[in-house]
Trainee: 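Handing you this structure, nothing more for now.
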Protein chains: 2
Amino acid sequence: MAGDRRRTQKEVRIADVARLAGVSTATVSRVLATPDKVTPLTHTLVMEAVRRSGYIPNSAARNLRTRRTMMVLAVVPNLANPVLAQILRGIDDELTRSGYGLVIGNLDNRREREARYVDLALSRQVDGVLLMNGHIPENGQRDMTEAGLPMVALCAAMPVEGIPHVVVEDREAAREAARHLTRLGHERLAYISGPAGHVIETERYAGFIEGLREAGLSERNCLRWEGVFGFSAGLTAAADFLRIDERPTAVFAACDESALGFIKAVRAAGVAVPGDVSVLGFDGIEFSDYSDPTLTTFRQPMHEIGRAGADILLRLIRKEQRPEGWNLRLPVELLERGTTGPAPRGKAHPTASLARTAGSAGEA
Amino acid sequence: MAGDRRRTQKEVRIADVARLAGVSTATVSRVLATPDKVTPLTHTLVMEAVRRSGYIPNSAARNLRTRRTMMVLAVVPNLANPVLAQILRGIDDELTRSGYGLVIGNLDNRREREARYVDLALSRQVDGVLLMNGHIPENGQRDMTEAGLPMVALCAAMPVEGIPHVVVEDREAAREAARHLTRLGHERLAYISGPAGHVIETERYAGFIEGLREAGLSERNCLRWEGVFGFSAGLTAAADFLRIDERPTAVFAACDESALGFIKAVRAAGVAVPGDVSVLGFDGIEFSDYSDPTLTTFRQPMHEIGRAGADILLRLIRKEQRPEGWNLRLPVELLERGTTGPAPRGKAHPTASLARTAGSAGEA
DNA sequence: ACCGATGATGTAATCGATTACATTTTCAGG
DNA sequence: CCTGAAAATGTAATCGATTACATCATCGGT
């Protein structure tokens, strides 16, 4: 009766099971962990005791002893980003297959949030870390490398050596973007960037310019609008676009949302897509196929990025010898859809009526 | 030299810090946990030792002793769903504020995945659970309630008593949907459902029918297409729609993706939205404002659902007395945008040319 | 100058599993 | 039937923190 009231639900410990089964705790543990090291009889005995008592091992105790938590931390800049969400699904798939759990380290685009996840990792609350934020998180005092925890970078390679990464062919894709657009006859282009200085951002821009050069153009033919990954970048870019005298006839956006934001805003102002301006996205999010017109874009293998990244991380955790293929560069696929078309011909200002900043400073 | 090689990175334990600072482990622990219970001198001494040694408490040990993990599990049907992603952001915000971490239990729409998260919860790997899947997860043997863990249901109330929930006014909203559409003169309606039997699904349908009744119609005026939460439901619904003789003039979809899928498919077949058919969504995902035309829909307070749910859970974890407001029904807001308009008048078949299943079985 | 209360610190038990090592059982081979 | 290796099981140390309890120091009040 005494000491009875405070535990509404019984806490069953391994010792209870052992007593119930008439064996030692060691044997119970073995039955659960290595069933083949145990007599069939004891096995059934113990399992029955487990069943009857409703025993579930306490993971804190287990983690302490085994020095493993079977948990992985995924640090993402923004949980709500559809690309990252898909990558997380891929990660989750692979982790689940190996019995690992997923802890989300959502930065919500605020870098100061990293500190918390550094602590999480360094306190060994997880066995490994997947980084999708393009750099090593730090908390002011220390950074994540200090723990000696297995880490893998996704989407963007790390600025330091020794961390395997899974990325896509950003540069090549951007080059193809330039090829695609110039081939359609576009000569005045624009680029809506992601966050300045971001690795993949830099890659994509560089690739785009390279592609322009190949086509006999240069970066002087290409406007650059600074932005973030999101709709807003497209909106502000569009605002500028509409203000411009000699408008670009093709726009390459570093992500689909920017592209879609841009399209919405310019169409609202009467600009036709792709009639007046072609728009090319990047990512291939599900929604890009449901806009009107459907968005021409590059499809990233999002699920596979996550899956492969998690796979590599698990191998690191298991301390497998580093084989080839610790670094992956996955290809992307150009989806030619409805928002790109031939450059408008003839007049320099396809939408001259809207160009308010200059009368008609035309050229050809 | 011996035993030196296997630890590339030193594992600093609390005892090391204690020795370095010339105090006991208890004091070190106190400095870190309850700094006010300690002399300023010892405080600096210990902190200095912590700094010098790079000590970080081992969370497994701490969790074992304190019986807390400072982690919360969120069970979601589908991580990539934009509504759930936004809710997760809200959850994360609130958890972060209290120093809690977030473990994701992604079901990926496969119910058998629940088992794993039941184990996770029952093994006390987390301090509480947020359920967004509309029922109590089980693993065949046992279900989540057995652990006596704090739980809160989000989006959908639980079929059992005793679990606080945060939901939105699904029924009221659906009634308003009916009101909105009938007021525009629509009399032949259709409903694209979510997964059959899903709580919120049931609520929304019931509300919609109620609304129709109020307008003097009945469920005989309303087609019902079974679906899931996603684009595909809209596509299949559209396929059926296009096949129909007497087409509905207004469609209410249980989620924005279904609505958008429907719109894409019918427009591809030459049906005008909202000219020939009005479409009303639910959720108010970010994209719904970037489709063309922009989607008329109900905006859920997604972030707030997550935030409030996490808040309640944290209070449960802290064993606060149950005040009022453990159950929340948040309002939704109708966003009247571009996909709903007056019912097409005159001919019974606004798009008769497309109705291939019947010649012209018109009426009015 | 002494007492008791208050506050700071130390000692050691504790959380609940895993596992190294010791012990017992089993069984093939002589 | 005996022997020794292999297999099964048991005993107890261990993981690394927190915290109850014991001890010691401090200090105001008389």
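All chains are named by letter (A, B, ...) in the order of the sequence lines, taking the proteins before the strands, and each is independently numbered beginning at 1.
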Trainee: Counting side-chain heavy atoms from C-beta on, which of D/dC15, D/dA17, C/dC15 comes nearest to A/R67?
Mentor: D/dC15
Trainee: Look at A/S24 and D/dT9 and indicate whether a side-chain polar atom (N or O) is within less than 4.0 Å of OP1 or OP2.
Mentor: no
Trainee: Of the candidate nucleotides C/dT9, D/dT9, D/dT18, which contains the atom at the shortest distance from the side chain of B/I14?
Mentor: D/dT18
Trainee: If you fit an axis to the five pairs at each end of the helix from C/dA1-D/dT30 to C/dG30-D/dC1, how big is the angle between those two axes, to 10 degrees?
Mentor: 40°
Trainee: With DNA chain C as reference, determine whether A/R62 or B/P40 sits nearer its 5' end, using the nearest nucleotide of each.
Mentor: B/P40
Trainee: Has the side chain of A/R30 got a donor or acceptor that lies under 3.5 Å from a partner of the other kind on the base of D/dG10?
Mentor: yes
Trainee: Atom CG of A/N63 and atom C1' of C/dC15: how far apart are they, to the nearest Å?
Mentor: 13 Å
Trainee: Taking any heavy-atom pair under 4.0 Å as a contact, classify A/T25: base, sugar-phosphate, or nothing.
Mentor: base
Trainee: In terms of side-chain heavy atoms of B/S29, which of D/dT18, C/dA8, D/dG10 is nearest?
Mentor: D/dT18
Trainee: Among D/dG16, D/dT14, C/dG16, which nucleotide has an atom closest to any side-chain atom of A/R65?
Mentor: D/dT14
Trainee: Using whole Å, what does the distance between atom C1' of nucleotide D/dT14 and atom CD of B/E11 come to?
Mentor: 15 Å
Trainee: Between atom CZ in A/R19 and atom P in D/dT11, what is the gap in whole Å?
Mentor: 14 Å
Trainee: Cut-off 3.5 Å, side chains only: do A/N78 and A/N106 have a donor facing an acceptor?
Mentor: no
Trainee: Measure the distance from CE on A/M70 to P on C/dA17 and round it to the nearest whole Å.
Mentor: 17 Å
Trainee: Counting side-chain heavy atoms from CB outward, which of D/dC15, D/dT9, C/dT9 is closest to A/T39?
Mentor: D/dT9
Trainee: A/A26 has a side chain; which of D/dC15, D/dT18, C/dT19 sits nearest to it?
Mentor: C/dT19
Trainee: For a quick test of reading the model: is some side-chain N or O of B/T66 closer than 4.0 Å to OP1 or OP2 of D/dT18?
Mentor: no
Trainee: Where do B/P150 and B/L316 come nearest, in terms of heavy atoms and distance?
Mentor: CB-CB, 3.8 Å
Trainee: Any idea which of D/dG16, D/dG10, C/dT11 is nearest the A/L64 side chain?
Mentor: D/dG16
Trainee: Once you round to the nearest 0.5 Å, how far does CZ of A/R89 lie from OG1 of A/T96?
Mentor: 11.0 Å
Trainee: Between A/H43 and A/R30, do the side chains contain an N or O donor and an N or O acceptor separated by less than 3.5 Å?
Mentor: no
Trainee: OP1 or OP2 of D/dA17 sitting under 4.0 Å from any side-chain N/O of B/Y55?
Mentor: yes
Trainee: Quick one: are B/L120 and B/L73 in side-chain contact, heavy atoms under 4.5 Å?
Mentor: yes
Trainee: Without hydrogens or angle criteria, can the side chains of A/Q125 and B/N63 be said to hold a donor-acceptor pair below 3.5 Å?
Mentor: yes
Trainee: Rounded to whole angstroms, how far apart are CZ on B/R68 and P on C/dC15?
Mentor: 17 Å
Trainee: Can you see whether B/S24 engages B/R19 through a side-chain donor-acceptor pair at a distance of less than 3.5 angstrom?
Mentor: no
Trainee: Grab the CG-P distance between A/N58 and C/dA17 for me, whole Å please.
Mentor: 6 Å
Trainee: Quick one: does A/L95's side chain get under 4.5 Å of A/L314's, heavy atoms only?
Mentor: yes
Trainee: From NZ of A/K37 over to C1' of D/dG10, roughly how many Å is that when rounded to an integer?
Mentor: 16 Å
Trainee: What integer distance in Å separates A/I56:CD1 from C/dA17:C1'?
Mentor: 14 Å
